[in-house]
J.: 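Following this message is one structure expressed as structure tokens.
Note that ligands are numbered from 1 as they come in the structure, with each ligand's atoms numbered from 1 the same way.
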Amino acid sequence: MQAKIAKLKAEIEEKLKTRETGRELYELKMYFQSALKEIMSGMKDLAKEDRPAFGKIVNEFKQGMEAEFERYAEIVRKKEMEKKYAAEQVDVTMPGRKYKAGALHPITLVKNQLIDVFAGMGFKVFEGPEIETDYYNFTALNTPEDHPARDMQDTFYLAEKLLLRTQTSAGQIRVMEKQSPPIKILSPGRVFRSDDDATHSPMFHQMEGLVVDKGITLCDLQGMLAEFAKRMFTSSTKVRLRPSYFPFTEPSVEVDLSCSECGGKGCRLCKGTGWIEVLGAGMVNRRVLENCGVDPDVYTGFAFGMGVERIAMLKYGINNIKALFENDVRFLEQFGN
Ligand code: DAH
């Protein structure tokens, strides 16, 4: 018996030294307890008079070992904490991880700037649908079915009378049908045309403007455009109106801005002319007003429409419209704001 106890004692003491975790220590304790139980179960084979003395020895052994287990519980806890701290150690001299902040897409930037400029002049935003009827996109805009101006835009048809809008001008009709003058709206949105090269994309963005009230003249349009040019480009940017043709305006004009690259002297960007065409505009055609139930003898108005991509390309010196749609991060990063 004594020998068994001594052997168990030596074994446990040896093993205690190598315990690394609370769990290992617990398992050793379970092992010790069952070994002790077995030793104690040998008591019944002893002579009656030997039992108390043996009981005393076993008890002392048990108490002694329990104290040892407690002492090691503290040691193991320290070992575990040290390991944990080592694993969680932070190298404060290590350079931080770089997170790149997202930025608005240049088209969104320009669109927001345009809205800001016109909102400052009292324009309210109206957004029409991207899928339009033939009526709103063409007929009501004084472009009936057999009108040659329909060929000016290659249209994506969805059904016989249903199409992807080719111009935000369709929004003019929707507003005038619902609202009576005075009207002052800005209609931004995506438009679609079957057209694809370095300066054209099948989907692009336009910004339409419409003002209808009593006594509106071409001078109001010109004054507003001059203000727009200054705020969107530079304070010295000039505006020039050239006669043009759109079915929904009469007279119609094409609007040029003095070249922002050369200041009007003539360069590659403006092809030596000093001017860059940026938008179409005009006085709202009487027919269009009539189509919307607005009396053209009482009210007049002007309208304008511009390509957002075109403005972005001019403003940021981008020469291929595709750069705006490829979403190459190296390109977009330059507009970080
Ligand atoms: N809708 C024309 C286009 O897409 C642009 C335009 C020209 C809009 C004259 C207008 C305007 O409102 O008056 O080419």
Side-chain angles (χ1 to χ4, degrees), residues 111 114 118 121 123-130 132 134-144 147-156 163-177 183-195 199-213 216-225 228 239-257 276-289 291-292 294 296 299-311 313 321:
K111 184 179 126 181
L114 287 169
F118 287 108
M121 300 185 208
F123 284 78
K124 295 241 153 42
V125 173
F126 167 84
E127 286 187 47
E130 288 175 3
E132 264 299 3
D134 183 279
Y135 177 77
Y136 285 104
N137 196 80
F138 288 125
T139 310
L141 285 161
N142 197 31
T143 323
H147 199 290
R150 283 207 180 196
D151 298 339
M152 284 162 79
Q153 302 168 1
D154 288 316
T155 311
F156 288 117
L163 46 86
L164 294 177
R165 67 176 172 197
T166 60
Q167 49 190 357
T168 43
S169 308
Q172 292 184 22
I173 307 299
R174 289 189 176 272
V175 170
M176 281 194 282
E177 271 183 358
I183 290 171
K184 204 168 184 183
I185 58 108
L186 196 62
S187 189
R190 290 196 288 186
V191 297
F192 307 84
R193 290 181 201 179
S194 180
D195 215 350
T199 49
H200 295 90
S201 157
M203 186 283 290
F204 61 104
H205 299 75
Q206 277 190 339
M207 185 76 71
E208 189 84 11
L210 173 71
V211 175
V212 183
D213 203 350
I216 297 287
T217 69
L218 200 65
C219 282
D220 296 311
L221 171 66
Q222 187 158 21
M224 188 220 65
L225 289 172
F228 150 77
V239 175
R240 174 173 88 172
L241 304 189
R242 270 184 296 112
S244 183
Y245 172 78
F246 297 102
F248 33 87
T249 41
E250 182 56 40
S252 300
V253 293
E254 226 138 2
V255 182
D256 298 339
L257 300 187
I276 292 179
E277 184 195 321
V278 287
L279 57 98
M283 297 304 292
V284 182
N285 192 304
R286 289 178 65 92
R287 287 246 183 105
V288 175
L289 294 175
N291 287 342
C292 303
V294 176
Y299 295 105
T300 52
F302 67 73
F304 59 91
M306 66 185 90
V308 179
E309 281 78 0
R310 180 147 177 81
I311 304 280
M313 288 166 79
I321 195 169

J.: Are E208 and Q172 close enough, and set up right, to give a side chain to side chain donor-acceptor pair (under 3.5 Å), and what steps lead you there?
T.: CA-CA 8 Å; E208 189 84 11; Q172 292 184 22; 2.7 Å; yes

J.: Would you mind running through ligand 1 and noting each atom that sits below 4.0 Å from a heavy atom of F246?
T.: 7 (C), 9 (C)

J.: Which residue and non-hydrogen atom of the protein lie closest to atom 11 (C) of ligand 1, and at what distance in Å?
T.: F248 CE1, 3.5 Å

J.: Have a look at ligand 1 and work out which part of F304, if any, has a heavy atom under 4.0 Å from it: side chain, backbone, both or neither.
T.: backbone

J.: If you measure from each heavy atom of F302 to ligand 1, is any distance below 4.0 Å?
T.: no

J.: Suppose I only count heavy atoms of S169 and a 4.0 Å limit; which atoms of ligand 1 are within that range?
T.: 1 (N), 8 (C)

J.: Please list, in number order, the atoms of ligand 1 under 4.0 Å from a heavy atom of T249.
T.: 13 (O)

J.: Which is closest to atom 7 (C) of ligand 1 by heavy-atom distance: G280, G282, G171, G301?
T.: G280

J.: Below 4.0 Å, non-hydrogen atoms only: which portion of A303 touches ligand 1? Side chain, backbone, both or neither.
T.: both

J.: Can you confirm whether more than 12 heavy atoms, excluding those of R287, are under 6.0 Å from its CZ atom?
T.: no

J.: At their closest point, which heavy atom of I185 faces which heavy atom of F123, and how far apart are they?
T.: O-CD2, 3.3 Å

J.: With a 4.0 Å heavy-atom cut-off (strictly under), which part of Q172 contacts ligand 1: side chain, backbone, both or neither?
T.: side chain

J.: Tell me which one of E208, Q206, R193, Q167 gets a heavy atom nearest to atom 10 (C) of ligand 1.
T.: E208

J.: Is R242 paired with E277 through a side-chain N to carboxylate O contact shorter than 4.0 Å?
T.: yes

J.: Does the pair L225 and L279 meet the rule for a side chain to side chain contact (heavy atoms under 4.5 Å, CB included), with working shown?
T.: CA-CA 10 Å; L225 289 172; L279 57 98; 4.0 Å; yes

J.: Starting at CG of L163, measure out to CG of D134 and round the result to the nearest 0.5 Å.
T.: 6.0 Å

J.: Heavy atoms only: give me the nearest T300-I216 pair and the separation to one decimal.
T.: OG1-O, 2.7 Å

